[in-house]
Protein chains: 2
Amino acid sequence: MLDELDRKLLEILVKDSRTSLKVLAQQVGLSSPSVSERLRRLEERGVIRAFTIEIDPQALGFSLQAIVRIRPLPGKLHIVQKLIEEIPEFGECDKVTGDDCFVARLFVRSIGELDHLLDRIADKAETSTAIIKGQPIRRRPPPLEALTGRS
Amino acid sequence: MLDELDRKLLEILVKDSRTSLKVLAQQVGLSSPSVSERLRRLEERGVIRAFTIEIDPQALGFSLQAIVRIRPLPGKLHIVQKLIEEIPEFGECDKVTGDDCFVARLFVRSIGELDHLLDRIADKAETSTAIIKGQPIRRRPPPLEALTGRS
DNA sequence: AGTGAAAGATCCTTCTT
DNA sequence: AAGAAGGATCTTTCACT
C-alpha cells in the first residue's frame, strides 16, 4: 500500500510541496529518477490529490469560524445542499448519518455575516451553530505511520 | 488587505503550489521579481501558511471518516484534549461553544477501528459520532473574491 | 512597487548499466 | 533503481524608473 520510502516522501512534501526531486532523493536515499517515478505513481494512484497551499483565513480577515449542523426540512435536501455549495463562505461540508444531515464549516468576518448567511438557509433547514474558540488540531493528514508499521 | 494580483496568485497556487515564479508572473502580468516579492510578503503576513500536498485518506485505506462531538466529563477537559491530540487518526479538532466541547474528524480503516478509538475516550467523555456518507464540499479556501470585490 | 536583463545556480529527464 | 550528463529552466541580483 505504501512503503517506508513513499511514506517519507509524503511527509516531506506535506511540510513543503516545493521540495525538489534532488532534495527528496537525498533525504530518502534514492536517486532523482526513482523519486520522480514514485511521485508519478502516488499521483496516479490518487494518494497525492494536489500540490497546493494552505491559506490562513484569519490572516485574511475571516476572524470567525463556525461549525454548522444542518437538518434540511422534508423535501428540501437537494435545495439545501445546492445552496451550501454556492455559498463560498462554507469551507467544508460533510454529509453524515444521524439526525443532522450536514456538518459544515463556515468562514466569516463578523457575527453579523454569520447571522446573515444562516438566514439564507433558515427557511429550508434547521441549523445548530457552534462558534470555534480554538483549534487543538488543525487539518492534518491521516496517520501514514499506521500503514507501514514504522514511526 | 489583498489586491487583485495577490488574489490571483493565491488562486493559482491553490491549484498548483509548484507553479514557478516565471509562470506566475506571466499569468498575472508582472515580472518575476515582483511576484517573488509579493509571495514573500504573503508568507510573512501569514496568509500563505504552507506549501503542502493534499493527501487522499481513501487512497490510503482510510475508507471511513467520522465527525465526533466530544463532551468531556467534569474535570477531564485537558486530559481529553491531550488524548485527542495524541491519537493521529484525529485529522482535525475544533474547540467550540455549546454543549459539545470539541468537534473532531476521524480517519479510520474500519468500523472496528472506529469503535476501538472511541473506547479510548469513553471513560473520560461523552461522544456522539456521525459517519460521513459523502463530502459535498471538500476543504476549500475562504472566499478570496469577497476581499477584493472582484470575481 | 515594479521592470528587464543577466548571471549563476539548480533542476529534470534521458540513457545506459 | 543508480549514475552521469546535457540542456532546459529557474531564481535572484542589480541598476533604473
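Labels below follow one simple rule: chain letters A, B, ... track the order of the sequence lines, proteins then strands, and each chain is numbered from 1. Source: prediction; values computed, not measured.
- Comparing C/dA1, D/dA1, C/dG2 by their closest approach to the side chain of B/L5 singles out C/dG2.
- Applying the 6.0 Å contact sphere to NZ of A/K8 captures no more than 12 heavy atoms from other residues, nucleotides or ligands.
- Contact annotation: B/S36 reaches the phosphate of D/dT12 (side-chain N/O to OP1 or OP2, under 4.0 Å).
- For the OP1/OP2 pair of C/dT3 and a distance below 4.0 Å, the side-chain nitrogens and oxygens of B/S34 include at least one atom meeting the criterion.
- Nucleotide C/dC12 holds its C1' atom 14 Å from the CD atom of A/E37, rounded to whole Å.
- Distance CZ (A/R38) to P (D/dA2): 9 Å, rounded to an integer number of Å.
- Listed pair A/S31 / D/dA2 meets the phosphate criterion, a side-chain N or O lying under 4.0 Å from OP1 or OP2.
- Looking at heavy atoms from C-beta onward, A/P141 lies out of side-chain contact with A/L10 at the 4.5 angstrom threshold.
- Remark: of the listed residues B/V14, B/I12, B/V47, B/V14 is the sole one forming a side chain to side chain contact (heavy atoms under 4.5 Å, CB included) with A/I53.
- At least one side-chain nitrogen or oxygen of B/K22 sits closer than 4.0 Å to the OP1 or OP2 atom of D/dC10.
- Distance, B/L21 CG to C/dG4 P: 16 Å, rounded to whole Å.
- Rounded to an integer number of Å, the gap from CG of B/L9 to P of C/dA1 is 15 Å.
- Separating the CG atom of B/L24 from the P atom of C/dG2 is a distance of 14 Å, rounded to the nearest angstrom.
- The CD-P distance, from A/E4 to D/dA1, rounds to 14 Å in whole Å.
- No side-chain donor-acceptor contact under 3.5 Å links A/R139 to the backbone of B/R139.
- Within 4.0 Å (heavy atoms only), B/R18 reaches no atom of the nucleic acid at all.
- Between B/S32 and D/dT12, a side-chain N or O to OP1/OP2 separation shorter than 4.0 Å is absent.
- Each of C/dC11, D/dA4, C/dA1 was ranked by its minimum atom distance to the side chain of A/S20; first place goes to C/dC11.
- The pair B/R138-B/E54 meets the salt-bridge criterion, with a side-chain N (NZ, NE, NH1 or NH2) lying under 4.0 Å from an Asp/Glu carboxylate O.
- Residue A/R40 is classed as having no contact, given no heavy-atom separation below 4.0 Å to the nucleic acid.
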